[in-house]
Amino acid sequence: MKPPKPTSRPDKVSLWRYLKLFRKDLLSAQPQRLYRAWMAEFRTPFFRSYMINQPELVETVLKQRPDDFPKSGRISEGLRPLLGDSVFLTNGETWKRQRRIIDPAFEGGRLKDTFPAMLEAAQACVTRLKGQAGQVIECEEVTSHAAADVIFRTLFSVPIEHEVAAQVFEKFRAYQRQQPLLNLAAFIPVPKWVPRLHARNTRRNAQDIRALISGLIAERADLIATGQAPDDLATKIMTTPDPETGHCFGTQEMVDQVAIFFLAGHETSASALAWTLYLMALYPEWQEKLSAEADTLNDPSFSAVSRVKLSRDVFREALRLYPPVPMMVREATCPEQFRGRDIPKGAQIVISPWHLHRQERLWDRPDDFDPTRWSTENGKTCQRHAYIPFSAGPRVCTGAGFAMVEGPLLLSMLLRNFRFELVEDRTPVPVAHLTVRSKDGIWLRVVER
Ligand code: HEM
């Protein structure tokens, strides 16, 4: 049995139908041939965008000339009320300064410091799930809760049960449910007459979330001032001055950053973990191997994570098949020539981890689940050139190292304690929302070992 993949649309459809499909879901709106194309042009009377699906082109845009291809403002539209000037949305000098302050908090050595908090979150997840043993559960719910817990414990040293943390979590969920147009907006310069994305509810929700985060930050600023602050990510980021200007983040700018850490850090990991659990139920032989390997976590030190190698290979394969961020959009700031075609200034350049990870001309058996591929020649080459779940170049995900510890750790802890089994007639269908999710959730039976 192959891992679920959305059905592609027929090659030729009317523009109207295309837009309708798009609105429904980004993935099934695309034709099958994109999995073989190096590049595709979407030309309509309203907009022009280009999907690039060739490693050399992706390298040019993300790694060699990132300044010429800044983040597209269209993505920002829907997220701005919530994320303000967060590092996810800014460009140019502001973005560079923000990364200088944030990056040190995620450096290799710091990961070791955040590990105990991650482990506590994993243990708390196991305890919660014991209460549901024997039942059919919705996995995205479980992994969202766990990933949100990881973020709060590592950022602010509080668990998700903390009153403010729980409220932020709830309100973020409501916010995301109100963002259905995000996909469409990414590709189409939204004309002025289209009602703005930020409906009143969304705006109010964003304000509420920001007020809650502001409270946490004010409290933390007091603790820093009195020398009583815990040594977590929030303290590290709030006390790190920009090495070039000597300035730290102001309060508002810190609120922006915490909002993105929370959003980018829990949605993505939750999606990846839920798909991994589904794959484990689909391939029970792998599930058993991982469960046996997880016994090494008897010694739950940071170094134990380097020993759950199979878990990492499986998680990496899940990120290939179901990259949580399915597409990224950049804007051409000057006219370009790609593969002999003229790309006008202002064109939207779409980079699709979803399609690159399944590029039929590059990967052996691209639609198969095979965690052993990472030790083959083809797998190694593709990992270097055609594997970008965390993006690449200077704008690479700040949390990539963090996520590659968190994912395999949570996975190992869960499989050590539980077995996950398929439920009849509940095959999940991948759709692209803010991240790649299953259309009707991922339902599995959880059995205690
Ligand atoms: C499996 C988990 C994760 C995946 C697949 C993932 C993926 C990505 C991708 C693809 C981008 C680039 C988006 C773009 O350029 O449009 C990104 C950016 C970002 N991610 Fe992650 N991420 C994950 C976890 C995390 C975590 C745990 C954190 C923080 C705790 C985080 C923080 C960020 C931030 C701050 C950015 C913006 C970086 C910038 O634009 O300079 N991510 N992530």
Side-chain angles (χ1 to χ4, degrees), residues 58 61-63 66 69-76 79 83 85-92 94-103 105-107 110-111 114 117-118 121 143-144 146-156 182 186 232-234 236-237 254 256-276 312 315-331 348-354 356-357 387-411 432 434-436:
V58 172
V61 171
L62 292 180
K63 287 189 179 168
F69 299 96
K71 273 213 162 172
S72 161
R74 322 226 177 281
I75 280 279
S76 324
L79 294 171
L83 302 180
D85 272 339
S86 90
V87 65
F88 193 78
L89 300 181
T90 52
N91 277 314
T94 306
W95 169 77
K96 285 183 186 158
R97 176 177 54 79
Q98 292 174 338
R99 286 288 296 234
R100 288 196 295 268
I101 298 177
I102 290 167
D103 283 354
F106 288 92
E107 269 164 18
R110 295 286 306 179
L111 269 181
T114 50
M118 273 186 201
T143 56
S144 272
D149 196 20
V150 168
I151 288 292
F152 268 101
R153 287 178 196 257
T154 50
L155 256 179
F156 284 110
L182 185 73
D232 51 22
L233 289 176
K236 173 76 182 160
I237 295 170
M254 186 64 195
D256 298 342
Q257 312 314 325
V258 170
I260 189 56
F261 291 151
F262 186 75
L263 186 65
H266 100 279
E267 260 285 295
T268 47
S269 292
S271 152
L273 260 174
W275 282 107
T276 315
R312 210 165 29 254
F315 191 65
R316 190 171 281 143
E317 180 72 341
L319 287 174
R320 182 183 72 81
L321 286 167
Y322 303 102
V325 180
M327 295 187 194
M328 300 177 270
V329 188
R330 300 292 192 262
E331 193 162 317
Q348 304 292 295
I349 311 290
V350 180
I351 298 155
S352 171
W354 179 276
L356 191 63
H357 291 180
Y387 183 69
I388 50 167
F390 298 105
S391 186
R395 272 211 106 124
V396 68
C397 171
T398 28
F402 183 103
M404 285 310 292
V405 174
E406 175 195 13
L409 173 70
L410 274 163
L411 183 60
L434 200 53
T435 52
V436 171

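Both ligands and their constituent atoms are indexed starting at 1 by order of listing. Positions are given from 1 along the sequence.
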> Which residue pairs satisfy the side chain to side chain donor-acceptor pair (under 3.5 Å) criterion with at least one member in residues 389-409, sequence neighbours excluded?
Replying inline: N91-R395, S269-E406
> Would F261 and F156 count as a close aromatic pair, with their ring centres under 6.0 Å?
Replying inline: no
Any heavy atom of [X] closer to ligand 1 than 4.0 angstrom?
X    : value
G407 : no
K96  : no
Q257 : no
I151 : yes

>> As an exercise, state the distance from OH of Y387 to CD of E317, rounded to the nearest 0.5 Å.
In response: 8.0 Å
> Does K71 make a cation-pi contact with F88, if we ask for NZ or CZ under 6.0 Å from the ring centre and within 45° of the axis?
Replying inline: yes
> Under 30°, 30 to 60°, or over 60°: which ring-plane class applies to Y322 and W275, parallel, tilted or perpendicular?
Replying inline: parallel
>> Counting only heavy atoms closer than 4.0 Å, does ligand 1 sit against the backbone of M404, its side chain, both, or neither?
In response: neither
>> I need the contact type for H266 against ligand 1. Using non-hydrogen atoms and a strict under-4.0 Å cut-off, is it side chain, backbone, both or neither?
In response: neither
>> Closer than 2.8 Å to atom 21 (Fe) of ligand 1, what protein N/O/S atoms do you find?
In response: C397 SG
